[in-house]
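Report on the following structure.
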Amino acid sequence: MEEPTSALSPLDARTDRALGLVSLGLLALQAALDVREFPRATLAVAAAAVAAALLAARVARGPARAVAALAACVVVAMRLGVVWQLAMILALAGYGGLSRLVPALRPPEGWRAAGGLPRGWTALVGGVTPVALVGWLAIARPDLRDITGSELLQVSTPVLIAGGAVFAVLNATLEEAIWRGVLQPSLAAAWGARAAVALQAASFGAQHAHGFPRGLLGVFLAGSWAVMLGLLRQRSRGLLAPVLAHIVADATIAALVIGMIR
């Protein structure tokens, strides 16, 4: 089990943790705001996230630098108003470029290891998602017209199905790279493994304020599931198992959306 790094002084450790929390908070705030409705506010959040990342790069001595840098990249990419998957690609590309230029921004070694594949646990974490998502639709009855009415989905059924498959693999891989790949091990180095699972789960849940699932119940469900994904990452010591479980969830979402359209 990963434990907090002991190489930092108490003051440096507190500074590191504070900057990491601020960056996660700004990421959650950006997720809660609609860029089209709040252009100035989202621009201010993006500026604050960049400032936090610059401050972390200057004064932090530990993993907060990786957390702040990636969070800033995601927040800025979200401000562009592009589709979520493209925003994640841009954010990860930007973070990758920065971490090459400044090695101190890199996450702990082994962050992108595939790890093992505990089949039973992977099947459990992936298998709960169809039940949870269908239950959420039945209970919350959300307004999903921003998704079902998207021009990107006004295509033939075969193209929709192919696109759904691409979405499931791409979205799952990108989200796992961000939350269970970079953020979780970086947070574990500062807070310890258990706190890291909770923090990345809270961040992942907040990211679903306008997602699928959405709303307060959606945030709770996504955050609760992210705890399971975080524990699965710990158990498997890599990203392969969480990615596969996540693909099940995103394939379910794609199937449900296609069913609503057709």
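All values derive from a computational prediction rather than experimental measurement. Residue indices begin at 1 and follow the sequence shown.
Annotation: Leu216, atom CG; neighbour count of heavy atoms from other residues, nucleotides and ligands within 6.0 Å does not exceed 12.
Taking hydrophobic clusters as Ile, Leu, Val, Met, Phe, Trp and Tyr residues chained together by side-chain heavy-atom distances below 4.5 Å, Val82 does not share a cluster with Val45. Under the 4.5 Å side-chain contact rule for hydrophobic residues, Trp191 and Val67 share a cluster. In the hydrophobic cluster analysis, where Ile, Leu, Val, Met, Phe, Trp and Tyr join through side-chain heavy atoms closer than 4.5 angstrom, Leu29 is grouped together with Phe38.
Remark: Arg36 engages Asp34 in a salt bridge (charged side-chain N to carboxylate O under 4.0 Å, His left out) (not counting sequence neighbours). Applying the ring pair (Phe, Tyr, Trp, His ring centres under 6.0 Å) criterion to Phe212, with sequence neighbours excluded, gives Trp136. Ala165 meets the side chain to side chain contact (heavy atoms under 4.5 Å, CB included) test with no other residue; sequence neighbours excluded. Under the side chain to side chain contact (heavy atoms under 4.5 Å, CB included) criterion, Pro108 pairs with Pro185, Ser186, Ala189, not counting sequence neighbours. Residues meeting the salt bridge (charged side-chain N to carboxylate O under 4.0 Å, His left out) test with Arg214, sequence neighbours left out: Asp146. Not counting sequence neighbours, the partners of Arg180 by the salt bridge (charged side-chain N to carboxylate O under 4.0 Å, His left out) test are Glu176.
Within the structure, the ring-ring contact (aromatic ring centres under 6.0 Å, His included) test picks out the following pairs touching residues 221-262 (sequence neighbours left out): Phe204-His246, Trp225-His246. Evaluation of the side-chain hydrogen bond (donor to acceptor under 3.5 Å, both in side chains) test over residues 115-132, restricted to residues two or more places apart or in two chains, returns none. Sorted pairs that involve residues 67-115 and meet ring-ring contact (aromatic ring centres under 6.0 Å, His included), not counting sequence neighbours, are lacking altogether. Within the structure, side-chain hydrogen bond (donor to acceptor under 3.5 Å, both in side chains) pairs that include any residue of residues 99-108 do not occur (at least two apart or interchain). Within the structure, the side-chain hydrogen bond (donor to acceptor under 3.5 Å, both in side chains) test picks out the following pairs touching residues 150-161 (sequence neighbours left out): Thr157-Arg262.
Across all their heavy atoms, Ala140 and Leu217 have their closest contact at CB-CD2, 4.4 Å. Heavy-atom minimum distance, Ala31 versus Ala209: O-CB, 4.0 Å. When every heavy atom of Pro107 is checked against every heavy atom of Val182, the shortest pair comes out as CB-CG1, 4.0 Å. Leu24 and Ser203 make their closest contact through CD2-OG, 4.0 Å (heavy atoms, listed as atom of the first residue, atom of the second, distance).
For the pair Val243/Glu175, no side-chain contact is recorded, criterion being any heavy-atom separation below 4.5 Å from C-beta on. Contact annotation: the side chain of Val74 never approaches that of Leu92 to less than 4.5 Å [non-hydrogen atoms, C-beta and beyond]. A heavy-atom distance below 4.5 Å is not found between the side chains of Ile258 and Leu153. Between Leu170 and Met88, the closest side-chain pair of non-hydrogen atoms is not below 4.5 Å. Contact of the Val197 side chain with the Gln184 side chain is registered, since non-hydrogen atoms from C-beta on lie closer than 4.5 Å. In this structure the side chain of Leu137 never reaches within 4.5 angstrom of the side chain of Pro213, judged on heavy atoms. Counting heavy atoms from C-beta on, the side chains of Arg14 and Leu11 come closer than 4.5 Å. Using a 4.5 Å heavy-atom threshold, the side chains of Cys73 and Leu98 count as touching.
Checking Thr15 against Asp12 by side-chain atom types alone, no donor-acceptor pair falls below 3.5 Å.
Only one option out of Arg233, Arg235, Gln234 pairs with Leu231 in a side-chain contact (heavy atoms from CB on, under 4.5 Å); it is Gln234.
With side-chain heavy atoms closer than 4.5 Å counting as contact, directly or through intermediates, Leu43 stands alone and belongs to no larger hydrophobic cluster.
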